[in-house]
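Here's the structure, in structure tokens; my notes come after.
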Amino acid sequence: MSAYAEHIKTVCSRFDKALEDNNFESVLVYSGQPRVDFLDDNAPPYRVNPLFKYWVPVTESPKSAIFYRKGSQRPTVYLFQARDFWHAPVNVPEEEWQQHVDLKIIDDLSMLTEDLGSDLEQSAFIGEDFAQPVSDWKVKARNPQALIDHLHFHRSIKTQWEVDNLREANRLAAKAHVAAKEAFFAGKSELEIHHAYLSAIDFRESQVPYNSIVALNSHSAILHYDVYDTVPPKQIRSFLIDAGARYRGYCSDITRSYAYEEGFYANLVEAMDKAQQELLSEIKPGVSYYDLHVSMHLKVAQILSDFEFIKGDAQSIYDKGYTSAFMPHGLGHFIGLQVHDVGGFLKDDKGNSYERSERHPFLRLLRDIEVGHVFTIEPGLYVVDQLLEEHKDSADINWEKVDELRPYGGVRIEDSIVVGADGNENLTRDAFKELGAE
């Protein structure tokens, strides 16, 4: 049986259980449709409902839907192809997935409702419903949270087909990262580096899974920087790039930091890379991701001590809260159909959730690690003046050393990991190794 055949069999089983436990006989998963800007008739780039592309690798077909009846083991895909001379038709090539579904081509949503008849009224609807006629459809429930929680809890365990797609998404992104790195060392501007990234994999900007972070020098300390200066700085010091790619709807998310010259910052990047790889060795089924996050903080604390940013040993630096000022974000997150894939707070498929950590409120994943989980590991260290204000009177902090780092911004390194029973797969580093780039 092919990887996709196994995947859709698993998806059917997961939907069967979710529908059974939540008293639904069927579900209609709507792909979504573009939403125009306020007081305008132009729409931002369309993004498909992740639970639609969970079934089939179709990402550019708005107004499509999947109907699935509990126990049927075969979904019906209503693929919308408009009769429209204004726009190019959606290209959906023949692929294996079409052998495992009942495919019906429609050019009007009334064809879907007429085909389903009374079945629509008995179905749970999952998707956006801001526009007519979808908003007027009579269904049993709209986006029932219990049903969605059930599905989200279980889709954190990736099928082999999903891992294959994630692996390819990392290969694409790694190729683009190499081009961006070359552009950096060639002295290009942030915008030129961004263009080099997209050109390397023939992507439009709307095709990447999130706004790429292309940050030179102090911009690296802005965690979601995406402004892109058009002129390179007079003195180039550092480069942080956080950028990904998509393949069949699955996302990659890679961060690398580079020093323009040897010295202080290059040594810091090397230390962070070593700490990140040590963290990777701690990933095992049954380990709490929260504990992994704390381990990361202790490693960052050791770096802060070793580089004389802060006086004290690693434990005391962490206990006093200093690491949160230099490393404010979480260690990582689930990744898959979405960059920040869902389910990181769910304890079970009944919707019971972990409360966000008061100490580490931006951590997106609190579950124990399981075989089949795929998540990122992304430790960082930055000069963020807003966060350092709380410690402005601290005699423990070597402010001269902080000032030395400030022009470089910060450093972050991020890989995506597939958890296995007998070892883990690093999708990111493996992709760079295939290119001979790491």
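Please read these numbers as outputs of a predicted model, since none were measured by experiment. Excluded from the calculations below are hydrogen atoms, water molecules and symmetry mates; all remaining heavy atoms, backbone and side chain alike, are included.
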Can you tell me if [X] and [Y] form a side-chain donor-acceptor pair at under 3.5 Å?
X      : Y      : answer
Asp242 : Thr255 : yes
Tyr4   : Glu95  : no
Lys299 : Ser295 : yes

Are the side chain of [X] and the backbone of [Y] linked by a donor-acceptor contact shorter than 3.5 Å?
X      : Y      : result
Asn352 : Lys347 : no
Gln33  : Glu128 : no
Ser212 : Val214 : no
Lys158 : Arg155 : yes
Asp229 : Val231 : no
Tyr210 : Ala243 : yes
Asn217 : Arg237 : yes

Could you tell me whether [X] and [Y] make a salt bridge, using a distance below 4.0 angstrom between a side-chain N and a carboxylate O?
X      : Y      : answer
Asp415 : Arg256 : yes
Lys9   : Glu6   : no
Arg167 : Glu434 : no
Arg248 : Asp164 : no

Within a reach of under 6.0 Å around [atom1] of [X], are more than 12 heavy atoms found that belong to other residues, nucleotides or ligands?
X      : atom1 : result
Phe362 : CZ    : no
Lys401 : NZ    : yes
Lys63  : NZ    : no
Lys188 : NZ    : no
Glu270 : CD    : no
Glu390 : CD    : no

Report yes if the side chains of [X] and [Y] come closer than 4.5 Å at any heavy-atom pair, otherwise no.
X      : Y      : result
Thr10  : Trp161 : no
Leu363 : Ser357 : no
Phe153 : Arg367 : yes
Glu205 : His194 : yes
Lys181 : Ile241 : no
Ile369 : Lys284 : no
Leu279 : Leu331 : yes
Ile201 : Gln207 : no

Rounded to the nearest 0.5 Å, how far does [atom2] of [Y] lie from [atom1] of [X]?
X      : Y      : atom1 : atom2 : result
Thr230 : Glu192 : OG1   : CD    : 8.5 Å
Tyr260 : Tyr265 : OH    : OH    : 15.0 Å
Ser416 : Asp430 : OG    : CG    : 11.5 Å
Met296 : Asp291 : CE    : CG    : 12.5 Å
Ile126 : Leu147 : CD1   : CG    : 4.5 Å
Ser238 : Tyr408 : OG    : OH    : 7.5 Å

Derivation of the side-chain contact (heavy atoms from CB on, under 4.5 Å) call for Leu240 and Arg412: CA-CA 7 Å; Leu240 186 153; Arg412 180 167 69 252; 3.5 Å; yes
For the residue pair [X] and [Y], does the interplanar ring angle fall in the parallel (under 30°), tilted (30 to 60°) or perpendicular (over 60°) class?
X      : Y      : result
His333 : His340 : perpendicular
Tyr68  : Trp55  : tilted
Phe375 : Phe334 : tilted
His293 : His360 : perpendicular

Check against side-chain contact (heavy atoms from CB on, under 4.5 Å), Thr59 and Arg246: CA-CA 10 Å; Thr59 61; Arg246 275 206 206 96; 6.0 Å; no
Considering all heavy atoms of both residues, which atom of [X] and which atom of [Y] are nearest to each other, and what is their separation?
X      : Y      : value
Ser189 : Leu216 : C-CD1, 4.4 Å
Ile8   : Pro75  : CD1-CG, 4.1 Å
Gln277 : Arg429 : NE2-NH1, 3.5 Å
Val371 : Pro285 : CG2-CG, 3.7 Å
Met272 : Ile413 : C-CD1, 3.9 Å
Arg356 : Leu366 : CA-CD1, 4.3 Å

Please confirm whether [X] makes a cation-pi placement over [Y], using NZ or CZ under 6.0 Å from the six-membered ring centre and within 45° of the ring normal.
X      : Y      : value
Arg142 : Phe125 : yes
Arg359 : Tyr318 : yes
Arg35  : Phe130 : yes

Criterion salt bridge (Lys or Arg N to Asp or Glu O under 4.0 Å) on Arg171 and Glu168, from CA distance to verdict: CA-CA 5 Å; Arg171 287 172 176 151; Glu168 189 60 33; 3.2 Å; yes
Evaluation steps, ring-ring contact (aromatic ring centres under 6.0 Å, His included), between His329 and Tyr382: CA-CA 11 Å; His329 58 74; Tyr382 322 85; 5.5 Å; yes
Test log, rule side-chain contact (heavy atoms from CB on, under 4.5 Å), inputs Leu198 and Arg204: CA-CA 7 Å; Leu198 296 176; Arg204 297 174 61 182; over 6 Å; no
Ile283 and Ile377: CA distance, side-chain angles, deciding distance, side-chain contact (heavy atoms from CB on, under 4.5 Å) verdict: CA-CA 10 Å; Ile283 299 171; Ile377 297 292; 3.9 Å; yes
Option passing side-chain hydrogen bond (donor to acceptor under 3.5 Å, both in side chains) with His150 (candidates Asn22, Asp21, Asp348):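 Only one of Asn22, Asp21, Asp348 forms a side-chain hydrogen bond (donor to acceptor under 3.5 Å, both in side chains) with His150, namely Asp21.
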Pair His7 and Tyr54, ring centroids less than 6.0 Å apart: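 Centroid separation for His7 and Tyr54: below 6.0 Å.
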side-chain contact (heavy atoms from CB on, under 4.5 Å) partner of Leu79, the single match among Ile66, Val101, Val58: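 Result: among Ile66, Val101, Val58, Val58 is the only option passing the side-chain contact (heavy atoms from CB on, under 4.5 Å) with Leu79.
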